[in-house]
Amino acid sequence: MDNENLKNIINSVITDCEFSGDETQFLNVIVKPEDFRKLAEFLRKNSETHMDYLFCLTAVDWITHLFTVYHLTSSINNITVVIKVKITDRENPVVDTVCDLWKTAEFHEREVYDLFGIKFKNHPDLRRILLEDDWVGFPLRKDYKDEVNIVEL
Amino acid sequence: MTEQELITNIETVPETQEYFINMGPQHPSTHGVLRLLLTLDGEIIKKIEPHLGYIHRSIEKMCEKDSYQQIVHLTDRMDYLSCHINNEAVCLCVEKGLQLEVPERVKVIRTIISELTRLSSHQLWWGVMGMDLGAITTFLYGFRDRELITDIFEETCGARLTMNYNVPGGVMFDIHPNFQKRTKDFITYFRKKLPEYDELLTGNVIFTERTKDIGYLSKDDAISFGVTGPSGRASGFACDVRKRFPYSAYDRVQFEEIVYTEGDCFARYKARIAEMWESMKIIEQLIDNIPEGEHKAKTKAVIKLPEGEYYQRVETARGELGVYIVSDNKKSPYRVKFRSPGFSNLSALDTMARGNKIADLVATMSTLDLVIPDIDR
Amino acid sequence: MSRSADGIYNFMGLKNYISDIYNGVKSLITGMKVTGHYITHPKEIITQQYPENRDTLKMFERFRGEVVLIHDENNQHKCTGCSACELACPNGSIEIISGKETDPETGKSTKIIDTFVYHLSMCTFCNLCILSCPTDAIKMAQDFEHSVFDRSKLTKVLNKPGSKIMPGVK
Amino acid sequence: MNFNIYDFTDFVNSINVWLNTVFPPAAADIAGFVIIGICFLTFITLLGLSLVYIERKVCAFFQQRLGPMRVGFWGTAQTIADIIKLIFKEPLVSKGSDKFLFNLAAFIVIIAPFMAIAAVPFAKGLHVLDFDIGLFFITAVSSIGVTGILLAGWSSNNKYSLIGAMRSGAQIVSYELSVILSLLTIIILTGSLQLSVIVESQRDGWWIFKGNIPAVIAFFIFIIASTAESNRGPFDMAEAESELTAGFHTEYSGIKFAYFFLAEYINLFIIAAVGATVFFGGWMPLHIGNFEFFNNIMDFIPPIIWFFGKIAAIIFLIMWFKWTFPRLRIDQLLTLEWKYLLPINLVNLLLMALVALSGWHL
């Protein structure tokens, strides 16, 4: 299956999404938080796509908005798609969890919550994972300031 | 007493109480500062809750301040046992962004050293695995053989562990004149010593009893948890990046992807032992055919990646390492994410060890081959 | 001997039982042979007795022990004070305090180093400074015995007192 | 021809007589106790020190290392240096632990082997207790040590220690059976539990050679079971440093830890001594039937050397196990005992009875 087919399939599930990925290696699709869960469930459960391997889950802070980035691939067909969920609400960013679809997401979502402060709705155990529980702020956000611990060279 | 009475009697035995035990952060078999909160019923494990972050050094945050050359040496400190492979991942990712074609010589050198790194990592793992199960002698034998590889590294790369041999565009220096001879000597030596590993542990009845049918991970779970590397392949998940997305010189060598379907500790053990044989095969194919040429492609002093996102996956000794660089055309990346194999592998520990005994947890953990800095980053 | 579900003793199990014992004992003896080989071959001992073998211990020439500024016999070095190494260092372990020197003949002032400070305690031996040096003034030395009782001793000044830049190095 | 120069009976008697002439009878007994106590204290200390050193060297050579080399010639003073260090260490008692039992445990553990060693015959006439249930006494007394281990685990207020202690309890209860049954196999032939009689019965050959195949099987079962009983690798479930950090002695430090450490090595010695006495004739030199010439040559070697040589061989074998094999799991350990060693042992005992009845032994 090539990227064009994949685009059509994704378009059949949700209409409101952007594609990019001409210059980079994988097909990128930017979706809204409301649509994300639907798309993820479809890609995981549909026999045609069968995206059972979530090999990277992270987030990027673009100051105006946040992205959570899901790298998905299939263990059967050689197709990869990168789903980016665009979150505009910086104060209270919420995305649906996918840790029931891919178990690895449980730890990765906790990491993203820990470092970016993005909350995952319905996550069974959303706590900080790398930092201590009483840490203030989310260090990988671009507006994070910590005069004590970060030494600017 | 009739059988029925016996059963009812058993059922009326007062319930045992569960209790918690902290395994780590200082514990001999967590191989670093990993803390596992175990819920136990007697010796049976009911639940495992890993607590991470004891050596979280915010490498991803540091990368946002550093230049691309400087990032490379930080990755030495993630999975220190496959440091060269980590370096290579970053360099490949940067080269992908720059659309830079590295010389053939570099590709071959990188592949050989990657495989040597994998060998040394697996040797250490084998030693530590034996030690975790109580056979301390294996630890010394593993280190004995690893020492020869670190000597090769020291001579060519300048350091034994955190060698930082890669730079974007190539390798730091050309290989040392002794490199080929030493490597070949090592391979002939190790081909004789590896069967000894089998004699000491693989065939040993105590060892097989301790590892067979312990820490079972099904194929579906392996994929869902993203358990990669020899651990994933022992569950039947064919996830070898070297085969699926060949990089460097892996497309020109013949080797087999080791896949077992048992999914237990013994399969993971066998997968790693078999991988050592495959690694030696790869090195033997390449060591005499290092093409002549430059050891480094020309790069600018200040590297700026074009705007965009770059993802590079490599196969470290522990599994699939992904480097995800988001660039905004500045001298340091906008965001770097390391998808470390240990982090995903650890998340499957609860599923694997639940219902087993404490001693089995130790065996399961050592077959997962966790390196804590790799998990915490 | 194992009992099947209907309560009949199954003597075929006895054969397995004995072969289990036989194979188990055999595998144990195989393992003991390996360790037995090494205890009877003391020549294969690999221990290096470190402080005793200091005289014969030679590090590989590429081994990275510490950064040194190369001085020749006239107490001259090649550092121009361009601070490329300072910029290349990921940890800030190099600090160059530069001064100005006026050439008595031409009257032009050139930048020279005043002190080349090297914090060994912060160095990760990544070799980036050596690569970045345009004049090859610094190199990695092979000394690895860095332990001291006072941490301040790890901050070193690399240019020797009274040293000068080599003529002709720009 | 009999070599009586190595017979210590007269020597021991003369000391006894001398004591009785110097002191009144009651005081003579007490003086005798004191002398024996001092002798054994010295002996045990030296034994512990040298066994620790030997173990370190042996394991080093198994692992292609040199072992301790710094202190003294070839590191011979290393263990002495360690003992000095342990004496000067602070004896910590953790909060919430039962202090009385915590301190008592260390002493119980060291007393048990101390008592057992009294019944060991070192040479002809050179033993403290030689009564008709000698072997029974040793096996009974040496298992008192497990009480100490259980107490140590219980009183430490540490879950790791408790698990280790419980494992140890289960282990010793099971393996005690095999030890005694394997010894019984030989008792069938000797007909006595008295150690001096057992040794004398091997004048024309050791039981391991005379006793046919059942004796060999019994010996191996004895070695396995007694290694397990003394909590040594590969059966060191109670310590299991990669699982339970240090098991029952996790919380001990300083000299109390040294007691546990020393007790392990003295237990090792006692196992080897019992094994050597029952299967290899104790201090009895190697004799082959009526081959007088050979027997006389063997008699030239002092019995003490025979005895310690045999012990050294058995200890080496046990160390070889420890430094080669991985550790078993606790349930496998019990499986090994109840499903393998015990049935084999019982069958072996029957066989031995058959051998003894039919007179197939030599």
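Protein chains get the first letters and strands the later ones, always in sequence-line order, with residue 1 at the start of each.
Shown here for Ser74(A) and Arg244(B), the closest heavy-atom pair between the two residues is O-NH2, 4.0 Å. Looking at every heavy atom in both residues, His108(A) comes nearest to Ser344(B) through CE1-OG, 3.2 Å. Pairing each heavy atom of Pro139(A) with each of Lys61(B), the nearest pair is O-NZ, 2.8 Å. Closest non-hydrogen pair, Leu130(A) versus Asp376(B), comes out as CD2-O, 3.8 Å.
If you tally non-hydrogen atom pairs under 4.5 Å between each of Arg44(A), Glu106(A), Arg127(A), Glu132(A) and chain B, the highest count goes to Arg127(A). Ranked by heavy-atom pairs under 4.5 Å with chain A, the first of Ala222(B), Pro50(B), Gly53(B), Ser224(B) is Ser224(B). Ranked by heavy-atom pairs shorter than 4.5 Å toward chain A, the options Phe245(B), Tyr54(B), Tyr324(B) are led by Tyr324(B). In terms of non-hydrogen atom pairs under 4.5 Å with chain B, the most contact-rich of Ala59(A), Ala105(A), Cys99(A) is Ala59(A). Ranking Gly226(B), Gly322(B), Ser347(B), Ala348(B) against chain A, the residue ahead of the rest is Ser347(B), based on heavy-atom pairs under 4.5 Å.
Side-chain atoms of His71(A) and Arg313(B), non-hydrogen and from C-beta on, never get closer than 4.5 Å to each other.
Once rounded to the nearest 0.5 Å, the distance linking CG of Leu54(A) with CD1 of Ile223(B) reads 12.5 Å. Note that SG of Cys56(A) is 4.0 Å distant from OH of Tyr311(B), once rounded to the nearest 0.5 Å.
Side-chain atoms of Arg335(B) do not come within 3.5 Å of backbone N or O of Trp62(A) as any donor-acceptor pair. At least one donor-acceptor pair under 3.5 Å links the side chain of Lys142(A) to the backbone N or O of Tyr334(B).
With a 4.5 angstrom heavy-atom cutoff, Glu111(A) touches chain B only via side-chain atoms. Residue contact with chain A, scored on non-hydrogen atoms closer than 4.5 Å, involves the side chain of Thr228(B) exclusively. When heavy atoms are compared at a cutoff of 4.5 Å, Glu320(B) approaches chain A solely by way of its side chain, counted from C-beta outward. Heavy atoms of Val82(A) lying under 4.5 Å from chain B are absent altogether. Contacts of Asp61(A) with chain B are made by backbone atoms alone, with heavy-atom separations under 4.5 Å and no side-chain atom involved.
Residue Lys119(A) places its NZ atom among more than 12 non-hydrogen atoms of other residues, nucleotides or ligands, all under 6.0 Å distant.
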